[in-house]
Asker: 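Handing you this structure, nothing more for now.
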Amino acid sequence: MRRSQLFIKTRREAPADEEARNAQLLIRAGYIHKEMAGVYSYFTLGKAVLENVSTIIREEMNAIGGNEVLMSTLQNKEIWEITNRWDDKQVDNWFKSRLVSGAEVGIGFTHEEPLTNGLKHFVSSYKDLPVYAYQIQTKFRNELRAKNGLLRGREFLMKDLYSYSRNEQEHKEFYEKVAAAYLKIFKRLGFAEDITYRTFASGGVFTEFSDEFQILSHVGEDTIFLDKAKKLAINKEVYADEILVKLGLNKADLVEEKAVEVGNIFSLGSKYSDALGLVYVDDQGRQKSILMGCYGIGVSRLMGLIAEHFADDKGLVWPVNIAPFKVYLASLGNDPKVIEGAESAYTSLTRSGVGVIYDDRALATAGEKLVDADLMGIPGRIVISDKTVEQGVVELKLRTSDEAQLIPNNDLAGTLEKLLQD
RNA sequence: CGGGGUGUGGCGCAGCUCGGUAGCGCGCACCGUUCGGGACGGUGAGGUCGGCGGUUCAAAUCCGCCCACCCCGACCA
């Protein structure tokens, strides 16, 4: 994409109404726009990052048998009354509205009820199970207080997966598959394995514990106690001596850390399926309950955490596979030979399928272009100038390095890909 | 929801204590000089000071109510 066609403009200063570093940087670099507290829009670059994060999640969900769906945002009150989750006394973070007729509708904060209800049309026999369905969709939760930029909003992008299994064993197997897939996802998103912890947390009504996936970070809202050797952690909310004994954790081995909850998996038993009448008939003709699980990942929260986690004093630093573009191509000066060189590099990179943003702004100074490349956090930076044109090379610098190198013009894409690999 | 803070052109701020008809930087437009780390000079456009009400000859400035935003706490199946 040409920078001249990108409508956003970067800013020198952080907005006064954001304290969170992730929001400050994402706004300064033009990725997101704040609409109101806890509500953000995603402009071109931000949208691309969300897509890239989503793609990784989608690939791993598909790999374990997930069906991607897209559930409605507007919710029919009737099915939520059946499970007793419509009442504001039961669920206090609903956004609700009304049809012109006066009928109440909800704005979805999760989707167990509608999905379970919808599956009644397709599931009746043991042959129809198990079912794994997930979506990447905007959720709405009327939080008492939004904070921390993208880390806690009232509207946010979430991946939610729901499993429907025939028995406990089948459920447990899938549950563990999801747990493994989650660890894979966080690793692919660039988080080191030693800062990601599967964490015991309160389980709610159905099981004693649920599993949270926590990534260590000073901006975390959660406090966890972790056992580095065992790669396990326990959330402060359930931390107690008898629980430690039960989990086989030794108090002396635990370290207290702040962490961000990026995923959470729950066993739901048959509460919702039974209530909504989603059951199956086994091979003996007996009617059986279906066991459910739900598995969430905060997609936009992850984007915020990645921004926060990798940023340096010059701005954002995206891991290669989630950056909106692989390389920032900047032409310095308006010498026709430089323009020609930059245009040809742009064409050849684009043809090779390398995502490139080409800063072709004739009126921008060299400094502005270089500063923007850093602020936007694009992994690679290619500079075309008088000097490079003379030598028949281009200058390449990685965002994470201080040193530039000159590389030959031919096979630009190949060299670049190789360098970005490491 | 309790406590604290803030609200002045697109953005960041000063002015408010001691009322007297709005200022700086960035950005934007035009001209010229520049062009490897957010260039420089000149000219110019753009706000009626979060909203409503009150006090006063006069309100960004004083008083009241409301709204929004930020931080801490509570909360976050």
Side-chain angles (χ1 to χ4, degrees), chain A residues 7-20 23-24 27-30 33-40 80 83-94 109-113 139 141-149 151-154 156 158 160 201-207 209-210 212 219-223 235-237 260-261 264-269 271-272 292 294 296 298 301 313-315 328 330-335 338-339 359 361-376 381-389 394-395 397 402 404 406:
Chain A
F7 71 78
I8 62 97
K9 201 175 283 185
T10 58
R11 293 197 215 170
R12 202 182 295 260
E13 289 161 314
D17 66 348
E18 291 287 2
E19 192 112 333
Q24 288 189 344
I27 289 170
R28 282 188 55 208
H33 177 251
K34 184 185 205 160
E35 300 295 344
M36 60 181 99
V39 179
Y40 297 87
W80 293 86
T83 56
N84 195 222
R85 289 216 287 180
W86 179 257
D87 193 335
D88 290 332
K89 289 190 202 79
Q90 302 300 320
V91 175
D92 62 7
N93 61 6
W94 266 114
F109 67 98
T110 186
H111 286 264
E112 285 85 359
E113 279 81 349
K139 293 284 184 285
R141 294 187 186 176
N142 204 345
E143 298 283 350
L144 251 43
R145 182 183 157 208
K147 56 176 172 178
N148 259 326
L151 300 187
R152 178 169 296 282
R154 298 201 166 91
F156 54 94
M158 179 171 170
D160 43 328
S202 61
V205 221
F206 315 101
T207 50
F209 301 109
S210 69
E212 292 176 343
V219 296
E221 294 176 21
D222 287 27
T223 302
N235 195 306
K236 193 173 188 176
E237 68 189 26
V260 174
E261 181 187 341
N264 193 336
I265 63 181
F266 270 91
S267 292
L268 298 178
K271 179 181 177 181
Y272 299 112
M292 288 176 61
C294 73
R301 174 180 282 183
D313 56 346
K314 289 181 180 156
Y328 196 102
S331 54
L332 304 191
N334 292 313
D335 181 329
V338 170
I339 306 290
D359 197 339
R361 295 173 299 170
L363 295 174
T365 61
E368 283 176 284
K369 293 185 180 186
L370 300 177
V371 164
D372 273 4
D374 285 342
L375 177 59
M376 288 180 175
R381 188 192 80 189
I382 290 178
V383 164
I384 312 281
S385 68
D386 296 337
K387 297 176 216 161
T388 67
V389 170
V394 304
E395 175 193 294
K397 190 184 89 63
D402 287 329
L406 300 177

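So you know, we letter chains A, B, ... as the sequences are listed, proteins then strands, and number each from 1. Please read these numbers as outputs of a predicted model, since none were measured by experiment.
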Asker: Between Glu113(A) and His111(A), does any side-chain donor sit less than 3.5 Å from a side-chain acceptor?
Answerer: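 Side chains of Glu113(A) and His111(A): no pair found under 3.5 Å.
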Asker: Is it the case that the base of G37(B) and the side chain of Arg381(A) share a donor-acceptor contact (distance under 3.5 Å, atom types as modelled)?
Answerer: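 Between G37(B) and Arg381(A), which were checked side chain against base, a qualifying N/O pair under 3.5 Å is present.
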Asker: From the list G37(B), C71(B), A77(B), which nucleotide is the closest neighbour of the side chain of Glu19(A)?
Answerer: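 The closest nucleotide is C71(B).
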Asker: Start at the 5' end of RNA chain B and walk down; is the nucleotide closest to Leu144(A) or to Gly38(A) reached first?
Answerer: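 Nearest nucleotide further toward 5': that of Gly38(A).
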Asker: About how many Å separate CZ of Arg152(A) and CD of Glu221(A), when rounded to the nearest 0.5 Å?
Answerer: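 It is 4.5 Å, given to the nearest 0.5 Å.
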Asker: So, does Arg12(A) get its side chain near the phosphate of G27(B), meaning an N or O under 4.0 Å from OP1 or OP2?
Answerer: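 It does, given that an N or O in the side chain of Arg12(A) lies less than 4.0 Å from OP1 or OP2 of G27(B).
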Asker: To the nearest Å, how far apart are Glu221(A) CD and A74(B) C1'?
Answerer: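 Distance, rounded to whole Å: 13 Å.
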Asker: Just to confirm, is there a sub-4.0 Å distance from OP1 or OP2 of A39(B) to any side-chain nitrogen or oxygen of Thr365(A)?
Answerer: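 Answer is yes, contact under 4.0 Å.
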Asker: Side chains of Glu368(A) and Asp359(A), heavy atoms from C-beta outward: is any pair under 4.5 Å?
Answerer: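 The answer is no, as the side chains (C-beta and beyond) never meet within the 4.5 Å cut-off.
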Asker: Counting only side-chain N and O atoms of Arg145(A), is one of them less than 4.0 Å from OP1 or OP2 of C72(B)?
Answerer: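 Indeed, a polar side-chain atom of Arg145(A) lies that close.
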Asker: For the P atoms, the ones on G54(B) and on C49(B), what distance do you get once it is rounded to whole angstrom?
Answerer: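 Nearest-Å result for G54(B) against C49(B) at atom P: 16 Å.
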Asker: So, does Lys34(A) get its side chain near the phosphate of C70(B), meaning an N or O under 4.0 Å from OP1 or OP2?
Answerer: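 Yes, within the criterion.
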